[in-house]
Amino acid sequence: MTLRAGFSGHAGDFAYDVAIEAENELLVLYGHSGAGKTITLRTIAGLARPDAGTIEIGGRMVFDHASGIDEPPQRRRAGYVVQEVALFPHLTVERNVLIGVEDSGDARARWGQLRDALHLDGFDARRPHELSGGQQQRVALARALVRPVEVLLLDEPFSALDDALRADLRAELKRLQRDFGIPIVFVTHDLREAHLLADSVAVMDQGRVMQLGARDEVFQHPTERRVAELTGVRNLFEGHATGGRVIVDGLELALPANGVDGPVDLGIRSERCILRRFDPDDSPPGNCFVGRLVEELAFGNTHTLRFEPDGVGLRVEVEVAARPYEVLGVAGRDRWVIELPPEDLLVMPRK
Amino acid sequence: MPSRNQWWILLPALFGVFFLLPLLGLVWFGLTDGDVASELRSSNTWDALRLSVLTATMTLMLAIVLGTPLAYLLAASEAGWARLTATLLDLPLVLPPVVSGIALLTVFGRRGYLGDPLADAGIGLSFTTAAVVIAQLFVAAPYYVRAAYAGFAAMDPRFEGVAYTLGLSRWRTFRTVTLPLVWPALAGGAVLCWARALGELGATLLFAGSLPGRTQTMPLAILSAFESSAGLAGAVSIAVILVAFALVLMLLLHRATTPSGAYR
């Protein structure tokens, strides 16, 4: 099964232009609220109509502006789960699940399977308000899958649940995805959740998909500054690259071998920076600079340190785990050598 | 005695007494000075009561059939015309019923703008039960539409979206998802509408007249008794019957329209 969608439109003043594609995999639509994630799901489900473009679900064209195809949501074979309106409050679990299907043997058999897979035995006669939040989301998933759907669209389905429950549901979702062999599009604004769930990621901002690709590709090689920002790259500088080197605010660094020349955005994740003790008799090796520790935050097991390189205006944020922090003796010393390994530098040509 | 920080209990108690006293006064007056028993034997009273129930019920039916789709449409639309229409619908709530009656006369009356075409079509509304229903509908239906509109507007429209993706048609979605979710609002509005129609006086008097058996509903019968030789005592006697009847019906209605199992 494949989902292919490329469309543009507007909702009030908000304009969107989206292109995504997913094979049998879990695609995470990641972005801040207002990025256009929900309207993207609603458009695929047939609940919002774009101004142009095409949507193909499981090889069927369900929307094609040019040829006038616009299947109603009832016929798109897209399961759709929204966290806030997961279940119909006035119906029992069983009625909720079976409301859209004829009371056929097939549907009952599928419900039986899903009931086992999602640990929902014995809940048939209960009302939604008698279930926990996690159980409600499980029933909503079962309901979306009890029909033979060809794509599953999930709009922040776990955002109201506590961490332990979310972890369970993520594992179950991954298993369901493998069992059913359909693409799942999962909307979240939680970077950690995107990391944990995604096979592939679409980073969205201001109605646009800025980058779409395999999870590690997107997180390790953002193609533009905004994607790097959104995916949690804390160190971002403007620089100029020539001949495998880049100059950032007077600081010269060696680049990974990718032959970029011209104006670039340079980024490095704070956990990728290496901290060394400063020794006044040694001159720092390549891609290192001496800097002063100007700010320090501790958050749980990690310490976030901010450094100002000598004679340069920029700041670099370095994340150090508690143990190296103690071994190095960060507390009490304020001059350090910070290394930015070339292979961890993100080089994004500036447009 | 309420303790020092519960003195505010006296306010609702006072308010309750304020409502209860006139009703008790009415019943007491009716039972001592009036003649409820003879009114109960009068066919005039029974005709008026039957007409009141009939017209108020027909008004409610029309309000539901015509008003529910309108309220749904208004709640779903964000356009300017929808807000304007919603405001216009509130107008009969603030107009004196007499003004509503005059407004109806200018259009549907024998000398109204539609009087001649209606007469040509063989439809005469003066002194007919239909005119009573029209007057009540104009005055009372906004209570239902308003409540229904609020109910539809308060419902999360995403419930319907999810239902569509589950394969439910629009009509089935409306019946099995939307209606049950807004049911309390619709039922509340229906009770208000019916009650307002039952008590309608001004617009009916002007537009339909007060013809016993045809257009004389209970409020009109009470007014007519008040203006006759029976005077206050006669009016009160009929009023007591209306109060007793309305009380029983409201109790039944409340029981019928309160959802049995509370859900969230």
Side-chain angles (χ1 to χ4, degrees), chain A residues 11-12 38-39 41-48 57 62 71-92 95-102 107 125-131 136 140 142-157, chain B residues 64 68 71-84 147-148 150-190 254-264:
Chain A
T38 293
I39 188 78
L41 282 202
R42 290 178 57 79
T43 305
I44 296 170
L47 299 170
I57 297 173
V62 296
E71 293 273 357
Q74 287 88 347
R75 287 214 299 267
R76 292 212 174 181
R77 290 185 215 157
Y80 180 51
V81 176
V82 195
Q83 188 249 314
E84 299 94 326
V85 295
L87 299 176
F88 303 130
H90 58 292
L91 300 176
T92 62
R95 287 281 297 136
N96 256 290
V97 171
L98 297 176
I99 189 170
V101 289
E102 294 303 314
R126 299 229 193 139
R127 297 283 179 117
H129 73 267
E130 297 169 305
L131 303 181
Q136 288 183 25
R143 185 178 61 181
L145 289 167
V146 83
R147 278 157 48 91
V149 292
E150 292 171 355
V151 63
L152 185 58
L153 310 167
L154 308 176
D155 197 347
E156 310 226 0
Chain B
I64 288 172
T68 310
Y72 183 75
L73 207 63
L74 291 181
S77 170
E78 281 155 15
W81 69 265
R83 242 166 270 160
L84 184 70
F152 286 126
M155 189 196 67
D156 193 325
R158 290 179 296 180
F159 278 117
E160 292 177 335
V162 168
Y164 298 154
T165 68
L166 292 170
L168 271 71
S169 67
R170 277 175 166 272
W171 172 238
R172 255 198 84 195
T173 301
F174 185 76
R175 268 192 313 134
T176 56
V177 176
T178 313
L179 266 189
L181 288 178
V182 298
W183 170 246
L186 299 190
H254 271 292
R255 178 177 294 182
T257 56
T258 309
S260 50
Y263 58 75
R264 286 191 302 135

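It should be emphasised that the depicted structure is a prediction, and the values quoted were computed from it without experimental measurement. Within every chain, numbering begins at 1; the chains are lettered A, B, ... in the order of the sequence lines, protein sequences first and strands thereafter. For the numbers below, each heavy atom of this structure counts, side chains included, while hydrogens, waters and symmetry mates do not.
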**Message:** Test of understanding: with salt bridge (Lys or Arg N to Asp or Glu O under 4.0 Å), list the residues that count as partners of A:Arg42, not counting sequence neighbours.
**Reply:**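 Scan of A:Arg42 (salt bridge (Lys or Arg N to Asp or Glu O under 4.0 Å), adjacent residues dropped) gives none.
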**Asked** Is the CZ atom of B:Arg170 crowded by more than 12 outside heavy atoms at less than 6.0 Å?
**Response**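 Result for CZ/B:Arg170: open.
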**Item:** Which residues share a side chain to side chain contact (heavy atoms under 4.5 Å, CB included) with A:Arg95, sequence neighbours left out
**Value:**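 By the side chain to side chain contact (heavy atoms under 4.5 Å, CB included) rule, A:Arg95 matches A:Leu91, A:Thr92.
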**Item:** Toward chain B, the part of A:Arg147 with a non-hydrogen atom under 4.5 Å
**Value:**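 Only the side chain of A:Arg147 comes within 4.5 Å of chain B.
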**Request:** Examine whether an atom of A:Leu87 lies under 4.5 Å from a heavy atom of chain B, and if so say whether it belongs to the side chain, the backbone or both; otherwise answer neither.
**Result:**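 For A:Leu87, the contact with chain B is made by the backbone alone.
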Where is the tightest heavy-atom contact between [X] and [Y], given as atom of each residue plus distance?
X	Y	value
A:Ala45	B:Thr165	CB-CG2, 4.0 Å
A:His90	B:Leu181	ND1-CD2, 3.6 Å
B:Arg172	A:Ile99	NH2-O, 3.1 Å
B:Leu168	A:Gln74	O-NE2, 2.8 Å

**Request:** May I ask you to test the A:Pro89-B:Phe159 pair for a side-chain heavy-atom distance under 4.5 Å?
**Result:**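 When only atoms from C-beta onward are counted, B:Phe159 and A:Pro89 do touch, with a gap below 4.5 Å.
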**Prompt:** In terms of heavy-atom pairs under 4.5 Å with chain B, which of A:Gly46, A:Pro73, A:Ala78 leads?
**Reply:**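 Winner by heavy-atom pair count: A:Pro73.
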**Asked** When rounded to the nearest 0.5 angstrom, what is the spacing between CZ in B:Arg158 and OH in A:Tyr80?
**Response**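 The distance works out to 7.0 Å.
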